[in-house]
2 protein chains.
Amino acid sequence: MTGYAPSEAARRSGFSLDTLRYYEKIGLLADVGRTSGGQRVFTDDDLGWLVLFRCLRDTGMPIAQMCRYAQLAREGEHTADERRELLERHAVRVEEQMLLLQRQYDHLREKIRFYEQLPGSGSA
Amino acid sequence: MTGYAPSEAARRSGFSLDTLRYYEKIGLLADVGRTSGGQRVFTDDDLGWLVLFRCLRDTGMPIAQMCRYAQLAREGEHTADERRELLERHAVRVEEQMLLLQRQYDHLREKIRFYEQLPGSGSA
DNA sequence: GCTTGACCTGGAGCGCACTCCAGGTTGGAG
DNA sequence: CTCCAACCTGGAGTGCGCTCCAGGTCAAGC
């Protein structure tokens, strides 16, 4: 049960201090420990959550949906199915996103090739 | 030189009418034709630009950068190199984005597999 | 000629996800 | 004991990219 100072948690998760506080304020990150003086102490478990949030944010999940996921997890084991489904649906959206990104990347590369082969055309 | 009504341009480009007007207002789309009565008429050339903007937006280019690109194109052939470089740098960022997305997608799939194999654990 | 749906303008408003701030507290190093 | 960097709070502000609105105009079909 190692404890991490806010700055350390920020460093490890890649979120800013303000973002960590914000995530706690909106209830995404719950029950973060405190010192007697009121300063936050993040556990390995908190860090695990942050790594998950990093993954979900990087793949474009809205914060509201992450809140829902976290809420379900807090409610206990019986929500495991719903949580899995939520992640599965998200994964499908990510697949679509990846396909679109690949398609548009190909367009972009084609456009660049056009510049390389026919330099100087002013049209779009 | 076919002309398209705003609603048709919106349908073909996937941008909303408001977005088309917005793009014109900020100078991203310039010199859009008008009827004698003041209603917009989009040309195939305009549509070509919109398709490019769609590509750049879908790959995450900020609007300010698209404006810069469009501005350069308007300045003439001598900016072709700069335009190509701008697109190239963007393409590199897109590649990084695709790698990150793939990595985080893999994490997500791993997480889902975990739910499928060990249903019911409450931790993150 | 009249109707009606598509279009026009300038400007305000929105949703998201932070980010910053002022003014005060904490706690480890020396 | 003192110092100062790191931390705390509530709340305001920011940046982006649209999106919506009111109040009016246009133009194609009947």
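Values below: all heavy atoms of this structure, side chains included; hydrogens, waters and symmetry mates excluded.
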Return the value, rounded to whole Å, for the distance between atom CG of A:Leu29 and atom P of C:dC18.
-> 13 Å

Between A:Phe53 (CZ) and C:dA17 (P), how many Å, whole number?
-> 13 Å

A:Phe15 six-ring centre to A:Arg54 NZ/CZ under 6.0 Å and within 45° of normal = yes

Run the salt-bridge test on A:Asp106 and A:Arg103 with the 4.0 Å N-O cut-off and return the result as yes or no.
-> no

same_hphob_cluster(B:Met98, A:Met98) at 4.5 Å side-chain heavy-atom cutoff | yes

Salt bridge check: are A:Arg40 and A:Glu8 linked by an N-O gap of less than 4.0 Å?
-> no

Look at B:Arg40 and C:dC8 and indicate whether a side-chain polar atom (N or O) is within less than 4.0 Å of OP1 or OP2.
-> yes

Winner on side-chain proximity to B:Arg21, out of D:dC8, D:dC7, C:dT9, is C:dT9

Drop me the distance from B:Leu86's CG to A:Tyr115's OH, to the nearest 0.5 angstrom.
-> 9.0 Å

Per-nucleotide protein contact string for nucleotides 11-20 of chain D, where B marks a base within reach and S marks sugar-phosphate only (heavy atoms under 4.0 Å, - for neither) | B-----BBBB

When the distance from CD of A:Glu24 to P of C:dA17 is rounded to whole Å, what number comes out?
-> 19 Å

When the distance from CG of A:Leu17 to C1' of C:dC18 is rounded to whole Å, what number comes out?
-> 13 Å

When you check every protein heavy atom under 4.0 Å of nucleotides 23-30 of chain C, what one-letter string (B, S, -) results, 5' to 3'?
-> ---SS---

B:Leu20 has an atom CG; how far is it from atom C1' of C:dC8, in whole Å?
-> 14 Å

Step by step, would you call B:Asp58 with A:His107 a side chain to side chain contact (heavy atoms under 4.5 Å, CB included)?
-> CA-CA 11 Å; B:Asp58 284 348; A:His107 282 172; over 6 Å; no

Between CD of A:Glu8 and C1' of D:dA5 the distance, given in whole Å, is 16 Å

Is the shortest side-chain N to carboxylate O distance from A:Arg68 to A:Glu82 below 4.0 Å?
-> yes

Trace of the salt bridge (Lys or Arg N to Asp or Glu O under 4.0 Å) decision for A:Glu88 with B:Arg109 | CA-CA 8 Å; A:Glu88 180 61 50; B:Arg109 274 290 164 210; 3.0 Å; yes

A:Glu24 and A:Arg34: CA distance, side-chain angles, deciding distance, salt bridge (Lys or Arg N to Asp or Glu O under 4.0 Å) verdict | CA-CA 13 Å; A:Glu24 195 181 340; A:Arg34 301 293 181 122; 3.2 Å; yes

